There are 2 protein chains.
Amino acid sequence: METQAPETPGELQRRILADYKNLSKRLQQIAQFAVDHPNDMALETTATIAERAGVQPSAIIRFAKAFGYSGFSELQRVYQTRLAESASSYSERLRRLRRDEENATESVTPQGVLRQFCQANRISLEHLAADIAPATLERAAQCLAGAQRIYLCGQRRSFPVVAYMAYALGQIDADAVLLDGLGGMLGQQAVRMNAADVLFAVSFHPYAEETADVIRRADEHNVPIVVLTDSPLSPVAAHATVCLEIHDAELHNFRSLTASMCLAQALTVSVGLALGRGDAESDNG
Amino acid sequence: METQAPETPGELQRRILADYKNLSKRLQQIAQFAVDHPNDMALETTATIAERAGVQPSAIIRFAKAFGYSGFSELQRVYQTRLAESASSYSERLRRLRRDEENATESVTPQGVLRQFCQANRISLEHLAADIAPATLERAAQCLAGAQRIYLCGQRRSFPVVAYMAYALGQIDADAVLLDGLGGMLGQQAVRMNAADVLFAVSFHPYAEETADVIRRADEHNVPIVVLTDSPLSPVAAHATVCLEIHDAELHNFRSLTASMCLAQALTVSVGLALGRGDAESDNG
DNA sequence: GGGCGAATAAAATTTCTATTCCAACCAGGG
DNA sequence: CCCTGGTTGGAATAGAAATTTTATTCGCCC
């Protein structure tokens, strides 16, 4: 009632421990339970919590109010953020970052923008390393390394990713062909794919029609397909032999490519290592 | 209704993906949202979820029933367990990640390589934010924003960077031309540059001859030049009006592009903000 | 193009939950 | 022993949320 209610999980935890000895017997009992079962506090109803803690529902309300909240719901909100943040906080963190920084005055200066992007991209790289399933990545690398020729396809925003791979795979003497659709001849370029090859396709949200076409064609000819996309439900994922899911940061309505590029690079190097020409040349330009 | 309702988060995820194509349009929309925002599914109310997903609350119920649950609450319970479980395993994942890093043998597996790249790139992003002089960045942004037309030039490893910029600048309706040297006509494309335009050139170590040529030509015609390169002593830096120096990470003899891409993106957004069309569109592909 | 059935939206209903309130309770001091 | 401060338990209440019901729309087949 009297003091300000903690708004972050950490603050709350500290407050509970500090005020513990000043609480009444029943409230101490609840504090104990809250510290021991934060998940229950976040997910269960007052009735359930009351039962599990062996108290009356109204005592739960009193507990919340004792820490300055208007009611239990407000307290529960704090426990929920704790849970959401600690879980797969990725998009949550990015969203918060965006909210925090977009209204800061410096966010419109170039260096402010740069700092935001650096920060956001660092977070997305952090998660990239943890989120990609090793087995999936392994299969993707093997798929590419075992192919006679690697066809690369990506339009619009995805194009830089495959452009980079075309270059990098060339550096390790892999037989890579970039399907660039130059002169409207994407179909012509793609028609030679066969089952001994592999198609590496990159496609993000609005999912360019051309890429979908190439994938469909590859699927019809039993060409293995490695896909890099942003959702397992994306139309391109359906035909994938191996599907790599990636979530790049988005800021100022621009989606980044950092994580995608990083993954592309790691894949290329892995293919190189598999082919025994990983750390080959001295330089690349 | 007909089949058994999934009781574990993993099962549920698989069921959603498998049945996706059999669902009605609205239900697909919800499935999409559920896959993308599991936290919301666990913590928010039907009304809130409905609003965020852009559907009616009753549609959420139908969604739950479509997977065999008696109602939404039962479905939500599953998402809650997912959240609760991942909360406890998060620190576990971090610990594993750290432990693995000390393990040198893993560095040749794809996930080991990926982790190294993520780590290295995160460090380079950290430095990027600190190393770039705000004034230089500001001048670069103004230079680009004030130009009638932006010519983009980058070969080999630098190409993905300018390819991305060509795309991104197009998104904000800037007049950008990618000098891709297609059909050996790089000279033809470059000849129209004049003093009201600007040339944005990217060039790294062995410094492609074509890029140097374009820069030389631009300089002769008094075209302002913004250069992104890896050394102030590089041959391309000499002619630069504004010179941005960048140091991407290098691993396994492959130089990354992460920092360059990040800078390119920050620049593009800054140009957009300067032109007053920064956060324009809803989406970009 | 008109009628049929499924899918959806909107309103109405029911269920459940947080919260309030007050009587009973307990401890300590007169 | 009884009053007095705070504390507790549990019924009552107000409100919100899930669910059901009812119209309406949409898409498809004849």
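A, B, ... follow the sequence lines: proteins, then strands. Residue 1 opens every chain. As the structure is a prediction and not an experimental result, all values here were calculated from the model.
Of the candidates D/dT8, C/dT8, D/dG10, the closest approach to any side-chain atom of A/R26 belongs to D/dT8. With D/dA17, C/dT19, D/dG9 as the choices, the nucleotide that has an atom nearest any side-chain atom of B/T45 turns out to be D/dA17. Nearest to the side-chain atoms of A/S24 among the listed nucleotides D/dT8, D/dT19, C/dT20 stands D/dT8. With distances taken from any side-chain atom of B/K65 to the nucleotides D/dT20, C/dT8, D/dG9, the minimum falls on D/dT20. You'll find that the side chain of A/S73 is closest to C/dT19, out of C/dT19, D/dG9, C/dA7.
Per the geometry, CZ belonging to A/F72 stands 17 Å off C1' belonging to C/dT20, to the nearest Å. In this structure, A/I61 atom CD1 and D/dT7 atom P are separated by 17 Å, rounded to whole Å. Protein atom CD of B/Q76 is 11 Å distant from nucleotide atom C1' of D/dA17, rounded to whole Å. The distance from atom CD of A/Q29 to atom C1' of D/dG9 is 13 Å, rounded to the nearest whole Å. For the pair A/Q56 CD and D/dA11 C1', the interatomic distance rounds to 10 Å; values are reported in whole Å. The nearest whole Å value for the distance from the OH atom in A/Y69 to the P atom in C/dT20 is 17 Å. Straight-line distance from the CD1 atom of A/I60 to the C1' atom of C/dT19: 13 Å, rounded to whole Å. Taking atom CZ of A/R62 as the reference point, atom P of C/dC21 lies 13 Å away to the nearest angstrom.
Ring planes of B/Y167 and B/Y164: tilted class, angle from 30 to 60°.
Mapped onto DNA chain D by nearest heavy atom, B/P57 and B/K25 fall at different nucleotides, with B/P57 at the one closer to the 5' end. Mapping B/A59 and A/G71 onto DNA chain C by nearest heavy atom places B/A59 closer to the 5' end of the strand.
Side-chain polar atoms of A/D248 and A/S124 form no donor-acceptor pair below 3.5 angstrom. A donor-acceptor contact under 3.5 angstrom links the side chains of B/R26 and B/Q29, judged on distance only.
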Before giving the answer on side-chain hydrogen bond (donor to acceptor under 3.5 Å, both in side chains), spell out for A/S203 and A/S158 the whole-Å C-alpha distance, their side-chain angles and the decisive distance to 0.1 Å. CA-CA 6 Å; A/S203 186; A/S158 310; 5.3 Å; no
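Taking 4.0 Å as the cut-off between side-chain N and carboxylate O, A/R216 and A/E209 count as a salt-bridged pair.
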